[in-house]
Structure formats: C-alpha cells, structure tokens
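Following: one structure in structure tokens, then a few remarks.
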Amino acid sequence: MNRKLVTKLMPVAAWIAIIVIAYATLTHIGFVYSIYFKLAPYLMRPAMRTYAHFEHVIAFAILGALFWFAYPRRLILVCCIVFGAAVLLEVLQTITPDRHGTLIDALEKMAGGAAGILCARTARRLWSAKDRPF
C-alpha cells in the first residue's frame, strides 16, 4: 500500500477508534455483554471481570498506537488525547444510569494507552532504522 495514503488515513482511523471506544463505553451495558458472549467461546470463556480488564488495556493500547502513528512528532498531544479520553470516559460513565466509572478502570485504560504508544514508538524507530543505510 502507498505510504502517503496510509499516512493520510491514520488520523482518520485514530479518531474513528476513539469514537467507537466512546460508544462502547457509554452505551447500554447490554451492548458490552452481547460482544462478550460472542467472543467468549474464542477466548476460552474468561470471567466477565477478567474480560473487562483485558478489553480496557487492549482497546486503549490500540488507540494509543493509532494516535502515535497518526501524530508521530506530537508525543504530548498524543498522551493528552489518550490519557484524557481514558479519564473523561470514566467520568462520563458515572452519569449514565447503568454504568459506573472507577479509578481502576481509568488506570487500566491509561496503562494500555501508554503501552500502545511505547510499542508504536519502538516499531516506528525500528522501521526507520531499517530504512537507513549503514
């Protein structure tokens, strides 16, 4: 695929990902359970709480990586968006009738976002080092 096209589409993918995560976080709890029951057979049927922990970390790791690839020279901006989204979504969950935001969930999301940013930074450095002649 053309590198310029991927570079132009990465910010779009990152913002779509944050919208999808916000929808999944703030929508009716039945939506989350329906996803869990569809994925559970493939994931060896983890407990719902265990699934939720992994889901928080993985979703925000992907989000952090997408935002880093979208804005690679703006580390502070990327961290503010990813960590701010984690905190803001947990706060907004407290005003929904069937959800509850917790500090542990926010910390899990922030840890996942940090891991995604770090992995994306490392991958980008490795790719750019591979492209340079010795």
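Index from 1, following the sequence. Predicted, not measured: the structure shown is a model, and the values here were computed from it.
Looking at heavy atoms from C-beta onward, Lys109 lies in side-chain contact with Thr25 at the 4.5 angstrom threshold. Side chains of Ile81 and Ile18 form a contact here, defined as non-hydrogen atoms less than 4.5 Å apart. Counting heavy atoms from C-beta on, the side chains of Phe60 and Leu89 come closer than 4.5 Å. Taking the side chain as every heavy atom from C-beta outward, Met110 and Val87 approach each other to under 4.5 Å.
By the criterion of side-chain heavy atoms lying less than 4.5 angstrom apart, applied directly or through intervening Ile, Leu, Val, Met, Phe, Trp or Tyr residues, Val91 is grouped together with Ile95 in one hydrophobic cluster. By the rule that hydrophobic residues join a cluster once side-chain heavy atoms approach within less than 4.5 Å of another member, Leu26 and Phe83 end up as members of one cluster. Under the 4.5 Å side-chain heavy-atom criterion for Ile, Leu, Val, Met, Phe, Trp and Tyr, Val57 and Ile62 are members of distinct hydrophobic clusters. Placement of Val12 and Ile21 in two distinct hydrophobic clusters is found when ILVMFWY residues are connected by side-chain heavy-atom separations under 4.5 Å, directly or transitively. Leu77 and Leu88 fall within the same hydrophobic cluster, defined by Ile, Leu, Val, Met, Phe, Trp and Tyr side-chain heavy atoms under 4.5 Å apart, directly or through other members.
For Ala13 against Leu66, the heavy-atom pair with the smallest separation is O-CD1, 4.0 Å. Residue Ala14 comes nearest to Ala70 through the heavy atom pair CB-CB, 4.2 Å, listed as atom of the first residue, atom of the second, then distance. The heavy-atom pair separating Val82 from Gly64 by the smallest distance is CG2-CA, 3.8 Å. Taking each heavy atom of Gln93 and His100 in turn, the nearest pair found is OE1-O, 3.1 Å. What you find for Ala65 and Ala120 is that their closest heavy atoms are CA-CB, 3.8 Å. The two residues Phe69 and Ala123 make their nearest non-hydrogen contact at CZ-CB, 4.4 Å.
A donor-acceptor pair under 3.5 Å is absent between the side-chain atoms of Thr27 and the main chain of Ala24, judged by distance alone. Between the side chain of Glu108 and the backbone N or O of His56, no donor-acceptor pair lies under 3.5 Å.
Distance CH2/Trp15 to CG/Leu63: 9.0 Å, rounded to 0.5 Å. The CG atom of Leu126 sits 6.5 Å away from atom OG1 of Thr122, with the distance rounded to the nearest 0.5 Å. Ile76 contributes atom CD1, which lies 6.5 Å from atom SG of Cys80 (distance to the nearest 0.5 angstrom).
In this structure, Arg124 is not positioned above the aromatic face of Trp68 in the sense of NZ or CZ being under 6.0 Å from the six-membered ring centre and within 45° of the axis.
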